[in-house]
Amino acid sequence: MKRISISFLLMLMLSCGLLAQTKKTMTLQEVIETASQQSLDAFINKNMYLSSYWEFRYYKADRLPSLTLDATPFNYNRSVQKVYNYDENRDEFVERESFDSDLSLLLNQNVGLTGGSFFVQSNLSMTQKLGNDELSSFTSTPFMIGYSQNINGYNQLKWKSRIEPVKFEKAKKQFIQDHEDLSIKATRLFFDLLDAQIEVKISETNLANADTLYNIGKGRFQVGTVTQDELLDLELSYMNAQLALTKAKLALDRAEAQLNSFLGLDKNTQVECIIPEELPQLQIDALQAVDKAMTNNPDIINQQQRLLTQDQNVKRAQSENGISGDVFALYGLNQNSENFDGVYKDPLDQQRLRIGVNIPILDWGRRKGQLLMAKSNREAVRLSINQEKIDFEQNIIMNVMEFNLQDMQVENSAKADTIAKMRYDVTQQRFLIGKQDITRLNIARTERDQAHRAYIAALRTYWNYYYNIRYLTLFDFEKNVTLSEDFDQLVENY
């Protein structure tokens with residue numbers, strides 16, 4: 001009875017282990033779709049875009065009016081302070097007790113055309129001495145308007161208005177490209193697992209065949225139709241097949257773990273990959289691919305940003321090389337009183353106009369050197385970008401040419417795979433009836449396995465080129481549309 005209970009418990013544990021493993025059949029497109037929805041890379045790509053989105057929103061908000069309330073409603077101070085006694089002509093330390101409060105409202109507007117800023121401000125302050133000499137004082141600025149402007153010729157707001165939209169457009173294109181990069185990674189891991197699964201199937205078939213052939217060989221050796229050398233070859237093939245199957249299963253476990261981790265699946269999920277044999281009937285025009293890449297690729301937009309940044313650096317250096325200064329103008333009303341009722345009665349006007357000038361006289365060529373260095377850096381970046389564009393165009397053309405050959409490569413590999421399988425089957429049947437030796441059988445088996453691996457490798461290469469061209473051009477040549485994303489929905493779902 002005890003043995004029956006233990007056996008039942010072991011069977012129950014084995015059943016639970018089998019139930020814990022989830023088998024899932026997936027196509028290449030399903031793997032890519034799953035990766036784009038729940039992988040860690042997809043989460044990172046989304047948050048990288050959102051970071052750029054809020055950075056651009058900050059830039060847009062900087063061009064709009066801003067209203068700020070600054071208040072210190074309670075400021076109590078009781079301390080011993082050093083004061084000057086005019087009656088006795090000496091410093092002395094006395095105890096002071098005071099209470100202060102102030103309130104300020106500021107409306108500011110940057111002016112993109114000039115780079116200056118307008119502001120409107122209103123202030124109210126109160127100070128009160130406590131103790132024996134209790135005294136209150138109020139001061140107010142009901143209305144004050146002013147304008148501040150640099151006159152060195154460098155407008156930072158103008159340069160931001162040129163660079164920030166380019167940066168944000170690059171972020172959009174980068175997000176789409178990251179999605180295509182996700183497809184490339186998913187394709188690689190999909191075929192890694194597919195290769196491992198096929199290798200296990202090949203190894204299992206080879207082991208079963210090797211076992212059958214070895215048993216047949218032992219029987220024929222007894223009747224003298226197989227030599228001892230041939231029997232040893234059959235035994236060695238059987239042992240090698242066992243070793244190959246063990247290695248293939250280890251590689252399969254590793255490939256499954258990597259794909260499950262990438263897709264965010266449970267570690268016990270067993271994904272069965274379906275061979276993507278149906279290929280789109282597609283031939284890509286190289287010139288069209290170059291044109292789409294020059295329009296959509298974020299690297300090209302990044303080159304535009306780099307040139308704008310260098311132009312900005314030169315303009316900044318030019319502004320620092322000559323006469324610079326600033327203008328500050330202000331007009332307002334203010335009043336003070338010992339009580340709150342009088343602080344807003346009959347306010348007095350106040351004006352302020354300041355013009356500052358900075359003229360370099362002797363700096364030993366430092367500012368001139370900075371300007372020449374900025375111009376030199378700009379020229380170096382310009383030449384580097386020109387070379388990058390040439391290399392980029394050449395890379396696009398070569399990728400397209402390679403891709404256009406892949407459908408023929410896949411077709412030829414498929415035919416070779418079919419022929420190799422048929423040849424092995426014929427050779428095996430001839431061996432079974434004694435009309436073919438073991439050497440020919442081993443050669444046929446090796447060629448069959450190699451042909452099948454070559455077919456899968458051709459499919460891998462095809463889909464790698466397919467998604468790599470999409471990655472470079474951000475264009476779907478199958479549907480003839482530019483790759484896009486619903487960015488508004490992306491922000492709403494955040």
Side-chain angles (χ1 to χ4, degrees), residues 48 51-66 108-119 146-174 293-330 352-395:
M48 290 292 290
S51 176
S52 299
Y53 168 79
W54 290 114
E55 183 180 354
F56 184 71
R57 283 286 301 272
Y58 178 84
Y59 150 75
K60 296 287 286 185
D62 200 37
R63 298 169 60 85
L64 300 175
S66 63
N108 188 80
Q109 172 65 66
N110 293 323
V111 183
L113 183 62
T114 63
S117 63
F118 280 107
F119 64 90
Y147 181 75
S148 177
Q149 171 72 57
N150 288 326
I151 56 174
N152 59 2
Y154 174 71
N155 186 345
Q156 184 176 2
L157 295 176
K158 177 183 177 181
W159 283 104
K160 278 189 174 183
S161 67
R162 297 177 64 184
I163 294 176
E164 292 300 325
V166 175
K167 286 177 60 179
F168 186 52
E169 183 64 23
K170 182 185 71 173
K172 289 181 177 180
K173 298 297 185 182
Q174 186 64 57
M294 287 297 180
T295 303
N296 299 326
N297 194 287
D299 290 340
I300 301 299
I301 302 177
N302 184 58
Q303 292 172 0
Q304 300 174 11
Q305 179 186 334
R306 287 163 57 192
L307 285 175
L308 285 173
T309 301
Q310 293 302 317
D311 290 340
Q312 180 188 25
N313 293 338
V314 170
K315 189 64 178 179
R316 184 188 294 113
Q318 287 176 341
S319 69
E320 296 173 353
N321 194 44
I323 298 175
S324 62
D326 66 277
V327 175
F328 180 85
L330 178 146
R352 182 179 177 186
L353 175 64
R354 185 188 75 233
I355 300 177
V357 178
N358 183 286
I359 303 174
I361 298 177
L362 181 65
D363 65 355
W364 308 104
R366 184 177 59 184
R367 300 189 186 189
K368 182 179 180 181
Q370 288 179 339
L371 175 59
L372 293 176
M373 182 173 61
K375 290 183 176 180
S376 177
N377 290 338
R378 180 176 63 178
E379 184 64 16
V381 170
R382 187 184 65 82
L383 293 175
S384 176
I385 287 176
N386 288 340
Q387 184 61 48
E388 289 173 9
K389 286 184 177 179
I390 294 173
D391 296 340
F392 182 75
E393 291 181 9
Q394 188 64 28
N395 183 40

Subject >> Spacing of OH belonging to Y154 relative to NZ belonging to K315, to within rounding of 0.5 Å >> reply: 10.5 Å

Subject >> Check: N108 side chain, S117 main-chain N or O, donor-acceptor pair, under 3.5 Å >> reply: no

**OP:** Flag yes if more than 12 heavy atoms outside R57 fall under 6.0 Å of its CZ atom; otherwise flag no.
**Re:** no

Original post:
Should R162 and Q304 be marked as a side-chain contact (heavy atoms from CB on, under 4.5 Å) after you check the CA-CA gap, both sets of side-chain angles, and the distance that decides it?
Top reply: CA-CA 11 Å; R162 297 177 64 184; Q304 300 174 11; over 6 Å; no

Original post:
Can any side-chain N or O of Q149 pair as donor or acceptor with the backbone N or O of T114 at less than 3.5 Å?
Top reply: yes

Original post:
Is there a donor-acceptor contact under 3.5 Å from the side chain of N377 to the main chain of Q310?
Top reply: no

Subject >> Distance (rounded to the nearest 0.5 Å) between E169 CD and S52 OG >> reply: 12.0 Å

Original post:
Could you give the distance from NZ (K170) to CD1 (I163), rounded to the nearest 0.5 Å?
Top reply: 11.0 Å

Original post:
When rounded to the nearest 0.5 angstrom, what distance separates OG in S161 from NZ in K60?
Top reply: 10.0 Å

Original post:
Can you tell me if CG on L113 sees more than 12 non-hydrogen neighbours from other groups inside 6.0 Å?
Top reply: no

Subject >> Over all atoms of both residues, closest heavy-atom pair of L157 and D62 >> reply: CD2-OD2, 4.2 Å

Subject >> Sub-4.5 Å side-chain heavy-atom contact between M294 and F392 >> reply: yes

Subject >> Inter-residue atom distance N297.CG - Q174.CD, 0.5 Å rounding >> reply: 8.5 Å

Subject >> Pairwise side-chain contact, K160 with Q312, heavy-atom cut-off 4.5 Å (strictly under) >> reply: no

Original post:
Side chains of I300 and Q303: closer than 4.5 Å at any heavy-atom pair?
Top reply: yes

**OP:** Hey, could you give me the CZ/CD distance between R63 and Q109, rounded to the nearest 0.5 Å?
**Re:** 9.0 Å

**OP:** Classify the ring geometry between Y147 and F118 as parallel (under 30°), tilted (30 to 60°) or perpendicular (over 60°).
**Re:** tilted

Original post:
Residues two or more places apart in sequence or in another chain: which of them pass ring-ring contact (aromatic ring centres under 6.0 Å, His included) with Y59?
Top reply: F56

Subject >> T309 side chain vs Q305 backbone, donor-acceptor pair below 3.5 Å >> reply: yes

**OP:** Indicate yes or no: at least one non-hydrogen side-chain atom of I301 is less than 4.5 angstrom from one of V166.
**Re:** yes

Original post:
Which pairs count as salt bridge (charged side-chain N to carboxylate O under 4.0 Å, His left out) when at least one residue sits in residues 297-311, sequence neighbours excluded?
Top reply: R306-E388, D311-R378

